[in-house]
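Each remark here refers to the structure printed beneath this line.
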There are 2 protein chains.
Amino acid sequence: MKLEKITNDKARRYHDACGAAHGLDLVGDRWALLVMRELMLGPRRFGDLRRDLCGVSANVLTQRLEGLEASGLVRKRKLAPPASVQVYEATEWGLEIEPVFMVLGRWAARSPSHDPTLPLSAVSLMLSFKTMFDPRLAGEARMTLGFVLGEDRMAVRVADGRLEAWRGEPKGAEVVVTAAPPLVAAAVHGKAPPEALDGMRVAGDAAVFERFVGFFHMPPKAETAGAQVAGSEP
Amino acid sequence: MKLEKITNDKARRYHDACGAAHGLDLVGDRWALLVMRELMLGPRRFGDLRRDLCGVSANVLTQRLEGLEASGLVRKRKLAPPASVQVYEATEWGLEIEPVFMVLGRWAARSPSHDPTLPLSAVSLMLSFKTMFDPRLAGEARMTLGFVLGEDRMAVRVADGRLEAWRGEPKGAEVVVTAAPPLVAAAVHGKAPPEALDGMRVAGDAAVFERFVGFFHMPPKAETAGAQVAGSEP
DNA sequence: CGGCATCCGGGAAGATACTG
DNA sequence: CAGTATCTTCCCGGATGCCG
């Protein structure tokens, strides 16, 4: 018998009409926003979420998925046989949270304390592409790339000054990059030379990947505000 | 004697290179993002923050301000005599978090569970203007409005298809609106007729305020995902 | 094994009282 | 007014176990 735990009407809500405050009511709990992140590129299984959300415990993940489902951001679905596995997917409205990752990520990338060598999920890498992509640098370029990131296969298409990313086999890709996500990020965002990245493999037209790297640029780091010495302020 | 409590190195961090995850490391603690919100329009005093952040307790507010200061998002400053009061202000980089409120607020406004009748701070109201302002609706309009929101005096200027808001006396304003923030929000975002809003006073050229209201529109509510009945969707 | 419930320890958040 | 100290509540994280 389950106790329903009073469904937790969440007295733990901000009592604020501000849209941002209500956004935090929806995805402000720990891990909630990162769960949505992992769903941005399509449905995922419980175990896959748990593996990519490095450090989340099973019970918390269960709670978040329940809460997000109750809020209408996530839907539980069962794939058709013979797969017959249960997956979680973002609803249409849930998918529209994507711009939050762009602006939050772009802003946080300027943090002096940001460490790009930490683990990175395959979805995060794709979202980082969409975040840091600069249409002016891409110009009229058209290309399709494949990424093999451990278990995950992703595809990226640049065309008409826009970048699209999706989960799936990179068929027809001009180049396929195989590496762990942090390595790819070091190459694309950190502009590290591929030969310096041990473990990264570039199959196909390497020049395409080199051009691709040129379509991104990181924002400059924020001032550390210096030492707050007794010096006068202008 | 203070114990320094080991300064809390925050093992409570996501260990993730994703920019959004690091953003949550910075402003993901409860109340942290709303503290930044209140600082978006200039320095504030501790007591004022506590009043506008409806429900925050003093010790938590102290912790957040300390943490945000340690991260370089907030600076503690003492106003020059004769004021000589201590205020908290956002750093230059801290101010750049503003777009997060826009996209998060616009997204959350579509939530079926959003209640616009809840309390609203003066800063939140100004940010809601910047969030929902539509340049195409404003066209070539130019106007200056004043808002008297309890203790807070705010000014808004529309010009060149852009909207600016700042704290200060609305001198030179064509119209001055006096009301509690939720009432103003009901008029501007909810398109409620001024005469239906008991307690709102419009001094000066009321037609200017009426035009102003036309510059905003709320995004449609998200589908409640309906009951996943077998029924057909229109 | 994947999904989910239960129990427990530590610590963050909430509320109140107190101090300079 | 601007915090600090203290106590309580409850969330988060980890471990274990049930069940399809």
Side-chain angles (χ1 to χ4, degrees), chain A residues 1-16 21 24-25 27-35 43-70 74-79 81 83-89 151, chain B residues 1-16 24-25 27-35 38 43-69 74 76-79 82-89 151:
Chain A
M1 175 184 68
K2 37 170 57 180
L3 267 204
E4 292 299 336
K5 60 167 42 175
I6 319 176
T7 67
N8 194 356
D9 271 323
K10 300 290 186 182
R12 198 58 149 251
R13 295 293 176 217
Y14 303 104
H15 218 247
D16 195 319
L24 293 176
D25 287 341
V27 294
D29 284 342
R30 190 162 168 78
W31 293 108
L33 192 63
L34 299 188
V35 170
R44 308 291 302 278
R45 301 184 56 168
F46 187 93
D48 295 331
L49 291 174
R50 194 171 174 208
R51 188 172 339 101
D52 282 344
L53 261 28
C54 185
V56 72
S57 59
N59 50 8
V60 172
L61 182 53
T62 299
Q63 287 175 15
R64 289 307 161 266
L65 288 168
E66 283 174 354
L68 293 170
E69 188 179 10
V74 166
R75 197 183 297 131
K76 199 188 293 191
R77 197 157 61 90
K78 191 151 194 164
L79 294 184
S84 294
V85 294
Q86 180 181 265
V87 292
Y88 298 88
E89 68 178 0
E151 297 290 299
Chain B
M1 176 181 68
K2 38 170 57 178
L3 267 204
E4 293 298 340
K5 61 166 40 176
I6 320 176
T7 69
N8 194 356
D9 271 324
K10 301 286 187 184
R12 197 57 152 260
R13 294 295 177 215
Y14 302 105
H15 218 248
D16 196 318
L24 294 176
D25 287 341
V27 294
D29 284 342
R30 190 161 168 78
W31 294 107
L33 192 63
L34 300 188
V35 170
E38 289 303 316
R44 309 291 302 275
R45 302 181 56 167
F46 187 93
D48 295 330
L49 290 174
R50 196 172 173 207
R51 188 174 343 100
D52 282 345
L53 261 28
C54 185
V56 72
S57 58
N59 50 9
V60 171
L61 182 54
T62 299
Q63 287 176 9
R64 289 304 163 270
L65 288 168
E66 283 173 353
L68 294 170
E69 187 178 11
V74 165
K76 199 188 292 192
R77 197 158 61 90
K78 191 149 194 163
L79 293 184
S84 294
V85 293
Q86 179 181 266
V87 293
Y88 297 88
E89 68 178 359
E151 298 289 300

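Hydrogens, waters and symmetry mates play no part in the numbers below; they use all other heavy atoms, side chains included. None of the values given here were measured: they were computed from a predicted structure. Just so it is clear: chains get the letters A, B, ... in the order the sequence lines come, proteins before strands, and each one is counted from 1.
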Could you tell me how the ring of A/F46 sits relative to the ring of A/Y88: parallel (under 30°), tilted (30 to 60°) or perpendicular (over 60°)? tilted

For [X] and [N], what is the distance between atoms [atom1] and [atom2] respectively, to the nearest whole Å?
X: A/L61; N: D/dG14; atom1: CG; atom2: C1'; answer: 14 Å
X: B/L53; N: C/dA13; atom1: CG; atom2: C1'; answer: 14 Å
X: B/R13; N: D/dG13; atom1: CZ; atom2: P; answer: 12 Å
X: A/E66; N: C/dC4; atom1: CD; atom2: P; answer: 7 Å
X: A/R51; N: C/dG2; atom1: CZ; atom2: C1'; answer: 12 Å
X: A/D29; N: C/dA12; atom1: CG; atom2: P; answer: 16 Å
X: A/F46; N: C/dG2; atom1: CZ; atom2: P; answer: 10 Å

Checking only heavy atoms, does the side chain of B/N59 share a donor-acceptor pair with the base of D/dG3 at less than 3.5 Å?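 No, no donor-acceptor pair under 3.5 Å.
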
Which part of the nucleic acid, if any, lies within contact of B/K76, taking any heavy atom under 4.0 Å across all strands shown: a base, the sugar-phosphate backbone alone, or nothing?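 Touches nothing.
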
My understanding is that only one of B/V35, B/L49, B/V87 makes a side-chain contact (heavy atoms from CB on, under 4.5 Å) with B/R44; could you say which?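 Result: among B/V35, B/L49, B/V87, B/L49 is the only option passing the side-chain contact (heavy atoms from CB on, under 4.5 Å) with B/R44.
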
Test your reading of the model: is there a side-chain donor-acceptor pair from B/Y14 to the backbone of A/W31, 3.5 Å cut-off? yes

